[in-house]
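Just passing along the structure, written as structure tokens.
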Amino acid sequence: MIEAQKGTRDILPGEIARWQLVEAQARATFELYGFREIRTPIFESTELFSRTIGEATDIVSKEMYTFLDRKGRSLTLRPENTAPVARAVIEHQMHRGAGLQRLYYIGPMFRYERPQKGRARQFHQIGVEVFGSEHPAVDAETLEMLMAFLESLGIAGAELAVNSVGCPVCRPAYREALLAYLRPHRDSLCEDCRRRLAENPLRCFDCKVPADQETMSAAPPITESLCAACRDHFARLVALLEALAIRHRIEPRLVRGLDYYRRTSFEVTVPGLGSQNALLGGGRYDGLIRDLGGPDVPGFGFAVGEERLVLSLPAAAAAAEGAPDIYMAAIGEEGVARALVVGRWLRRTGKRIVLEPQPDKSLRAQMRRAHDLGAAFVLIIGESEVREGSVTIRRMADGTQERVAAQRVEGRLREMAGA
RNA sequence: GUGAGUGUAGCUCAGGUGGUAGAGCCCCGGGUUGUGGCCCCGGUUGUCGUGGGUUCGAGUCCCAUCACUCACCCCA
């Protein structure tokens, strides 16, 4: 038997209401703030990701779905969507208009990883990107929108952590300061942290080994090593968050993995997701467009893990499934043919009608089926109805029913529904 | 890539110390020659993940393998 590939899954009709709710709420909220949707391709040139995300990151070094097409071009299934959106902005010169570009996207991403709770090889992100301003008010307003979005979905226990990871001016100096602090402790660090020391010492802050956490708690925080410009940007952002009464925690140990982040960096965690407790992450990426060969256009954005968001939804958020208004119970081939005609006309009045051609099935079984589907009315078309050109209308709520001429079905149905 | 746990009916799961498979739900038919919910009666459903080994005999023990789940790494 052929089954869905590891790390991929089918989202079945029984749970689709939660996905549709999340996506509809995202569109409605983002458009309130002037964002417009963009849809970019699922695969891109491999180079787009390796250059922007960083060759040394886990994503690029071991998690990309990369393949050669028939002409030998190296292509990659997108592992994230900020770089593709930036590519599209440059390609279509979208930054040349007046004002800012605010874009959002919803779609699948791909990373070759071992699946676990809240993690899959094909997963979905809802993300936004703002291009064209490095003003901290962009950061603040977008974060305010984000929190409003989560609130509108009734997400409980969401905690926003913000930090500044500096810029190419101050980050190298901080890295050296951190290394200077860590070198004397090298022998007491865990194996992973010793490796991080060489690759990306900032990641030691994420270590879950208690002894290492203790070591890191005394490490110099990045916020004290920021250059004047970055320090000013961060201070203004924090002040604006205060003014907006956005609950947040300043977390100097928060480091994000992708190379293109500058200055503002943040994430929202939520309980109940197992060890993948990050619901979303994002930050500022002022150098990205230029790195891709475009002009010096600053950017800010975030991406929400849609699977994790759906997992975090309150149980009650599952919107009611669309029960049919009418179930057609037809007996015999003639009955089925008549039901088709009646159903066609009633659907034009906006009625949701379910017709399952099973002429040999007992009326009892068809009634049971109508009940299970939650149909408000059943239209019965059996042998005697066919003979006299009528239809039996049954209101399921109280069992009242009557037989009317076929032409009168629509009007009588309306009367019975209103009664 | 590393570690641990789990694989029995469509679903959720029982099957001490080896004797050749069960329940509930679901589904179908009937009780009501054409009428739902509750009830009653009857019925269908399995390569016991796969391959090999031990044994007279393996769902049960051993080995291998695959899949799933959770955790590590890392991230959404």
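Given the structure is predicted, the values throughout are model-derived calculations rather than measurements. Numbered from 1 within each chain, the chains take letters A, B, ... in sequence-line order. Scope of the values below: all heavy atoms of this structure, side chains included, with no hydrogens, waters or symmetry mates.
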Just call it for A/Leu279: base, sugar-phosphate, or nothing, with non-hydrogen atoms closer than 4.0 Å on any strand. sugar-phosphate

For B/A76, does OP1 or OP2 lie under 4.0 Å from any side-chain N or O of A/Gln276? no

Between atom CD1 in A/Ile331 and atom C1' in B/G34, what is the gap in whole Å? 5 Å

A/Phe43 atom CZ, over 12 foreign heavy atoms within 6.0 Å: no

Integer-rounded Å distance: B/G3 C1' and A/Gln116 CD: 12 Å

Provide, to the nearest angstrom, the distance between the CZ atom belonging to A/Arg111 and the P atom belonging to B/A76. 5 Å

Within the distance-only criterion (no hydrogens, no angle test), does the side chain of A/Arg111 pair as donor or acceptor with the backbone N or O of A/Met64 below 3.5 angstrom? no

Between A/Arg119 and B/A71, is there a contact of a side-chain N or O with OP1 or OP2 at under 4.0 Å? no

Comparing A/Asp58 with A/Tyr112, nearest RNA chain B nucleotide closer to 5' gives the residue A/Tyr112

With respect to the phosphate group of B/C72, does any side-chain polar atom (N or O) of A/Ser275 fall under 4.0 Å of OP1 or OP2? yes

Indicate, with a heavy-atom threshold strictly under 4.0 Å, whether A/Gln366 touches base, sugar-phosphate, or nothing. nothing

Can you confirm if the NZ or CZ of A/Arg121 lies within 45° of the ring axis of A/Tyr112 and under 6.0 Å from the centre of its six-membered ring? yes

Residue-phosphate contact under 4.0 Å: A/Lys361 side-chain N/O, B/G29 OP1/OP2: no

Tell me which of A/Glu80 and A/Met396 sits closer to the 5' end of RNA chain B, going by the nucleotide each one is nearest to. A/Met396

Does a side-chain N or O from A/Lys6 land closer than 4.0 Å to OP1 or OP2 of B/C68, or not? yes

Heavy-atom donor-acceptor pair, A/Gln401 side-chain to B/G36 base, under 3.5 Å: no

Just the rounded figure in Å: distance from C1' of B/C74 to CZ of A/Arg203. 7 Å

Whole angstrom is fine here: how far is it from CG in A/Leu254 over to P in B/A76? 11 Å

Using the P atom as the point on both nucleotides, what is the distance between B/U6 and B/U45, in whole Å? 31 Å

Give a yes or no answer on whether the side chain of A/Thr46 reaches the backbone of A/Ser74 with a donor-acceptor pair at less than 3.5 Å. yes

Give the rounded distance in Å between these two atoms: CZ of A/Arg387 and P of B/G34. 13 Å

